[in-house]
Structures are given as C-alpha cells and as structure tokens.
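Comments concern the structure below.
For the numbers below, each heavy atom of this structure counts, side chains included, while hydrogens, waters and symmetry mates do not. Below, chains carry the letters A, B, ... as their sequence lines are ordered, and counting in each starts from 1.
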Protein chains: 2
Amino acid sequence: MTTSQETQRRPRGSLSRQSIGAAALRVIERDGLDSLTMRRVAGELSCGVMSLYSHVADADDLRGVVVGQLIDRLDLRPHEGESWQDATRRMLSTYADLAASFPRSFELLALADADQWPVAPHMERLADLLVTAGLTEEDALTALSVIDAYASGFLVIAVRNRPAVASAERAAPHRHDQLARLHHLDSYGTGSEVIIAGLEQRFEGHRAGRKP
Amino acid sequence: MTTSQETQRRPRGSLSRQSIGAAALRVIERDGLDSLTMRRVAGELSCGVMSLYSHVADADDLRGVVVGQLIDRLDLRPHEGESWQDATRRMLSTYADLAASFPRSFELLALADADQWPVAPHMERLADLLVTAGLTEEDALTALSVIDAYASGFLVIAVRNRPAVASAERAAPHRHDQLARLHHLDSYGTGSEVIIAGLEQRFEGHRAGRKP
DNA sequence: ACCTGAACACCGTTCAAGT
DNA sequence: ACCTGAACACCGTTCAAGT
C-alpha cells in the first residue's frame, strides 16, 4: 500500500516573521536566552531549521524581530496635559512592567543598539513624549539619555539576579540577603525620583539663565 | 628511528586560574565576547581544551575569573577628606575608564550578579567608600544603587554601539547621527551630575527632617 | 517563493586514560 | 594533581534540491 508521508510538509503560508518571532519569545521565556537557537525555534514551530531562513536573515535578525515585538507591547503615547515628570514616571514604570512580564527577553531590548532598527524609531517616540510634555528638544534628549541608561542598567541587573521565586525557601532572610535584595529590587522607584529631582534642578538652572 | 613527540606536554605548573583568565581577557578584547570559548582560550595557551578544567569549573566560572581580573584593575580606595560627591564622580569616571580600556569584556562586570563572588565584595568596598566620605549606611546604599545602575546601563550600551572607530568614513555627519552619538557618547558626565544633584536634594531632605 | 535535509565547521562537557 | 584526546550532543549557516 502507498502510505502518504507521515511527516507532512508545512503549508506554504504558515510561517512568517511574526509567528517566528512569537515562537522565539516563547522559547526564551520558557528556557532562557541562551536557549534561543534557530534549531529550537524550528522545533517550537515543528518545521525544518532552514525554513526559518526564508523569513529571517540570521540569528541576529531573529533577535531583532523579538525586540520589535517587545516594543509593540509598550504603550507610550502622549497623555493630555501630562507634566514631563509624570511622563518620565510613566516611561520608567512601563519599562519595569515589561521587564517583569518578559524577564528573560527584556535585555535584548534594553541593551540593543539604540541607533538602529527597531529601537531607533522607538527612542524618537520617547523623545516626542517628553517634548509634548513641555521639554525643549535638547532637554528631552538629556532626560532620555539618563532615564534610558538608568532603567536599562537597573532592570537588566535586577532581572538577571531575580531569585528563583515561589520556592518554599522564604524562611529566615539573613541581613546580607536583605541588603542585597533591597539594593536591587525595591529601590527602582527611589532612583527614579532621584533622577527626576536632578533633572528638575538642571532644567530650572536653564530657565534662570545659568550656563547649561 | 625513535622520534620524540613533536607536540610536547605542557609542564605541570604552567597553567593557573590567573594565566587562564588573562588569556581569556586577551581573546575577548581581540575577537569579541562571543569568541570567548574554552577551545579558543586553550588555543591561546597552546594547551588541550580539557586542561582548562583542572583550574576552572566550567565556562561560567571562567567568565567569573575574567570579572575578578577586571575588578582588580579598579583603584577605588577612599581618599583623604573627599566629599561623597567627589567620591561618586571618581567612581563613575573610573568605571568609564575601565569600559574604554576593556570595551568587550566590560559588560561581564557591569551586568554580573552583584550578590555573588567576585562582585559582592567589590560592591561592599564601594559602599564603604561612600560611608567614609560621610554618607550614612542607608544613604550610601541608595546612592550606590542609582550610580551602579546608571553607569552599568550607560556604559554597556555605549560600548556595544561604539562605532568601528578609525575608519576613514568620518566625512559629513548627518544630523540624525549627531543626535544619536551625542545621546550616548558625550552625555555620560551630564547624567552623572544630574544624579549627584538629585542625591544631594534627597539627602538634604533627610537632614531637614522630611519623610525619607 | 517557500520549505527541506545533508554536510561543515564550530561549541561545552563527560569519560577514560596517560604522567 | 595535573594534563590530554576521543566522543557525544549540541550550535549557525551553506549548499543543492525539492514543490
């Protein structure tokens, strides 16, 4: 009897940058960033490894697709009549939320090349957000530089060192552990306010006519 | 005729964590962080791959040795009568110097687990530096958290995106390029001062008796 | 145009064995 | 105790070939 192939070919339209990126995101969050390999993504999609190369140039391009999908999850449109301080707070907490939702993918976005697709247009949008909230173009770039560096550094380190949560080993926290954890888990908001205060002072200096 | 082996065995004492770490550092700075592999370090030392495992537990431990050697290059002992502001400026510029000297290894230190060897004792030393300069223990930890996150984020991003310098393509910089470069190459000092100003304001608030 | 398998040059690490 | 080579289970990507 003529048995039809058990491993049937994938229908032509069933793969796309979109679906490949989504599969990559699932792989990273399930197995870790080091497990993002062409072969595992192909496994996740039950397709041949080389099929991916019809939609994605190489492994680096694949990471770019993931970063694009992370950016798409951010909602950072200007709010009506929002102060630049509140816009900054919203940016910082939105980033923190994303890091909490996608802890193992987050650093792909946070440490990505800010001058290149897909991050560059995103940064422009963030600058617009601050300009809309009342800052000059120059002040917006100054603010964005500090904010982005702080959020990226803090959240990447926090998320890399995040304790393997939910384990039953939450018994008697040592002082050393407390200090370490306080340092990098609860102080994000404190640092945010420190930076906002520093920016306020610098921008007031501008208006008072002191040298920039 | 009885030819003696061309590939002579390595003398017993000639390998160590120290020499292996130094070789690893050379490999990273010459070929990039992705090229730090057990096999390439073995090649650099002209020894068998498995010889490394007598001194180093695994690839992760090897990265730890590199981080330790980077930390050893930092000179951050307390200075006599130094204000916490100046101590902070010294910390920030020392980190920047290290990032400039070891651009491809730097992120191993910057993004390493701060609660673990060899970074944890280093962080304690940094906290001591700020306490010696006059901050309370609590304020020192607050400052260190912001400073470390900012420096790590800024410098890792800057160093990852550093232009392939020295090429002859420094002709007519577009406006977009200028903005992008200004954003992440010259503004490190600006951000440092913003953070110091923000910390000053917060710590003054303490002394004035406002709620922490 | 899109999907595929074999092949090549890598990788970390285990194992058994030399000195 | 320290050094080693073969072997195993991976990896990205090239190539030639199917539909």
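- Taking the six-membered ring for Trp and thresholds of 30 and 60 degrees, A/Y150 and A/Y188 have nearly parallel ring planes, at less than 30 degrees apart.
- B/E44 places none of its side-chain heavy atoms less than 4.5 Å from the side chain of B/D31.
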How does protein contact run along nucleotides 14-19 of chain D, one letter per nucleotide 5' to 3', with B for base contact, S for sugar-phosphate only, - for none, heavy atoms under 4.0 Å? BB--BB

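- Residue A/L62 contributes atom CG, which lies 13 Å from atom P of D/dC11 at whole-angstrom precision.
- Atoms CG (A/L33) and C1' (D/dC11) sit 15 Å apart, rounded to a whole Å.
- In terms of phosphate contacts, B/S51 brings a side-chain nitrogen or oxygen within less than 4.0 Å of OP1 or OP2 of D/dT4.
- Put simply, CE on B/M38 is 15 Å from P on D/dG5, counting in whole angstrom units.
- One atom, CG of B/D60, and another, C1' of C/dG12, lie 12 Å apart when rounded to the nearest Å.
- A salt bridge between B/D86 and B/R89 is present, with a side-chain N of the basic residue lying under 4.0 Å from a carboxylate O of the acidic one.
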So B/L130 and B/L126, side-chain contact (heavy atoms from CB on, under 4.5 Å) or not? Walk me through it. CA-CA 7 Å; B/L130 293 173; B/L126 293 182; over 6 Å; no

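- Taking the six-membered ring where tryptophan is involved, the planes of A/F203 and A/W84 are perpendicular, since the angle between them exceeds 60° and thus also 30°.
- Residues A/A114 and B/N161 share a closest heavy-atom pair of N-ND2, 3.2 Å.
- Of the N and O atoms on the side chains of B/S187 and B/T190, not one donor lies less than 3.5 Å from an acceptor on the other residue.
- Taking only side-chain atoms of A/D58, from C-beta outward, the nucleotide of C/dC11, D/dT13, D/dC11 with the closest atom is D/dT13.
- With salt bridges taken as basic N to acidic carboxylate O contacts below 4.0 Å, none links A/D139 and A/R202.
- Each of A/S46 and B/A57 was matched to the nucleotide of DNA chain C holding its nearest heavy atom; the match closer to the 5' end belongs to A/S46.
- B/S54 comes within 4.0 angstrom of a nucleotide base, judged by non-hydrogen atoms across all strands.
- Of the nucleotides present, D/dG5 is the one that pairs with C/dC15 by Watson-Crick or G-U wobble criteria, both distances under 3.5 Å.
- Against DNA chain D, the stretch residues 17-31 of chain B makes no heavy-atom approach under 4.0 Å.
- Between D/dA1 and B/H55, no contact under 4.0 Å exists linking OP1 or OP2 to a side-chain N or O.
- Side-chain proximity of A/S14 to D/dC3, C/dC3, D/dC11: nearest is C/dC3.
- Comparing B/R40 and A/L52 along DNA chain C, the residue whose closest nucleotide (by nearest heavy atom) sits nearer the 5' end is A/L52.
- Here the side chains of B/L108 and B/I28 are in contact, with some heavy-atom distance below 4.5 Å.
- Side-chain proximity of B/R39 to the nucleotides C/dC3, D/dT13, C/dG12 is greatest for C/dG12.
- To the nearest angstrom, P of C/dC2 lies 10 Å from CG of A/L15.
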